[in-house]
Amino acid sequence: MKFQAVASRLGLWPWLLLGYFGFLALIGFWPSPVDNPVAGTLDTVLGFLHGHGFPGWFNYPFVEAFANVLLFVPLGALLHMAIPRLLWWQLLGLGMAVSGTLELGQMLFLADRFPSWLDVLMNTLGTAAGLLIAALLRVSAQRRLSRGIPSSTT
């Protein structure tokens, strides 16, 4: 039986979503920027890559923006699975609200953090990607079931 079916049957999706909210709060409200420990290494790696032909646009701001997108992909997928009765744009709005809350909290409570509208945009794009991936996987699973094709056991 697939994890998705087991999680749905046991009502795990809301708990997984709640756990991911906790993870995002930990990342978002960490007192210092979470990339501080790797900033020097990342600069070194990017310098090496640029010296070996990587384009200049593949830089620290790009990596940071892409990391923000990736961080919110699971949120979109979990929102889709945990709250299936809401429409996609409502779930996307929830993802944007979560991101905005984190950025507002950083602005109000964390002197060493730097809130950004770009972060909210990238996080919302990540939420959208997660929603799309989860929706495509659900449609694919439904098609397999309607055709009588057994799903994998993973």
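Excluded from the calculations below are hydrogen atoms, water molecules and symmetry mates; all remaining heavy atoms, backbone and side chain alike, are included. Along the sequence shown, the residues carry numbers beginning at 1.
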Legend entry - Transitive ILVMFWY side-chain link Phe54 to Phe48, under 4.5 Å: yes

Inset, instruction - Report the residue from Leu18, Leu17, Leu91, Val73 that forms a side chain to side chain contact (heavy atoms under 4.5 Å, CB included) with Leu78. - result: Leu17

Inset, instruction - Report the distance from atom CD of Glu64 to atom CG of Asn59, rounding to the nearest 0.5 Å. - result: 10.5 Å

Inset, instruction - Group every Ile, Leu, Val, Met, Phe, Trp and Tyr by side-chain heavy-atom contacts under 4.5 Å, then state whether Leu46 and Val38 land in the same group. - result: no

Legend entry - Shortest non-hydrogen separation from Ala77 to Ala134 and the atoms involved: CA-CB, 3.8 Å

Legend entry - Under 3.5 Å: donor-acceptor pair, side chain of Glu103, backbone of Trp117: no

Legend entry - Phe66 with Val120, same ILVMFWY side-chain cluster at under 4.5 Å: no

Inset, instruction - State whether the side chain of His80 and the backbone N or O of Gly76 hold a donor-acceptor pair below 3.5 Å, judged by distance alone. - result: no

Inset, instruction - Go through the steps to decide whether Phe23 and Leu71 satisfy the test side chain to side chain contact (heavy atoms under 4.5 Å, CB included), and finish with yes or no. - result: CA-CA 10 Å; Phe23 172 73; Leu71 181 64; 3.6 Å; yes

Legend entry - Distance in Å, Leu125 CG paired with Met96 CE, rounded so as to fall on 0.5 Å steps: 10.0 Å

Inset, instruction - Could you check if a side-chain atom of Asp112 sits within less than 4.5 angstrom of a side-chain atom of Trp30, using non-hydrogen atoms only? - result: no

Inset, instruction - May I ask you to list the residues sharing a hydrophobic cluster with Leu132, side-chain cutoff 4.5 Å, ordered by chain and number? - result: Leu136

Inset, instruction - Output the distance between atom CZ (Phe62) and atom CH2 (Trp57), rounded to the nearest 0.5 Å. - result: 4.5 Å

Legend entry - Exercise: identify the closest heavy-atom pair between Arg113 and Pro31: CG-O, 3.9 Å

Legend entry - From Thr124 atom OG1 to Leu94 atom CG, the distance as rounded to the nearest 0.5 Å: 11.0 Å

Inset, instruction - Return the minimal non-hydrogen interatomic distance between Tyr20 and Pro74, and the atom names on each side. - result: OH-CG, 3.4 Å

Inset, instruction - List in chain and number order the residues that pass side chain to side chain donor-acceptor pair (under 3.5 Å) with Ser99, two or more places apart in sequence or in another chain; answer none if no residue qualifies. - result: Asn123

Inset, instruction - Nearest 0.5 Å please: distance from the CH2 atom of Trp88 over to the CG atom of Leu79. - result: 14.0 Å

Legend entry - Heavy-atom check, side chain of Val98 versus side chain of Phe72, under 4.5 Å: yes

Legend entry - Trp13 side chain reached by Ile83 side chain, heavy atoms, under 4.5 Å: no

Legend entry - OG1-CG distance between Thr127 and Leu92, expressed to the nearest 0.5 angstrom: 6.5 Å

Legend entry - Closest non-hydrogen atom pair between Phe114 and Asp119, with its separation: O-OD2, 4.3 Å

Legend entry - Ser32: side chain to side chain donor-acceptor pair (under 3.5 Å) partners, not counting sequence neighbours: none

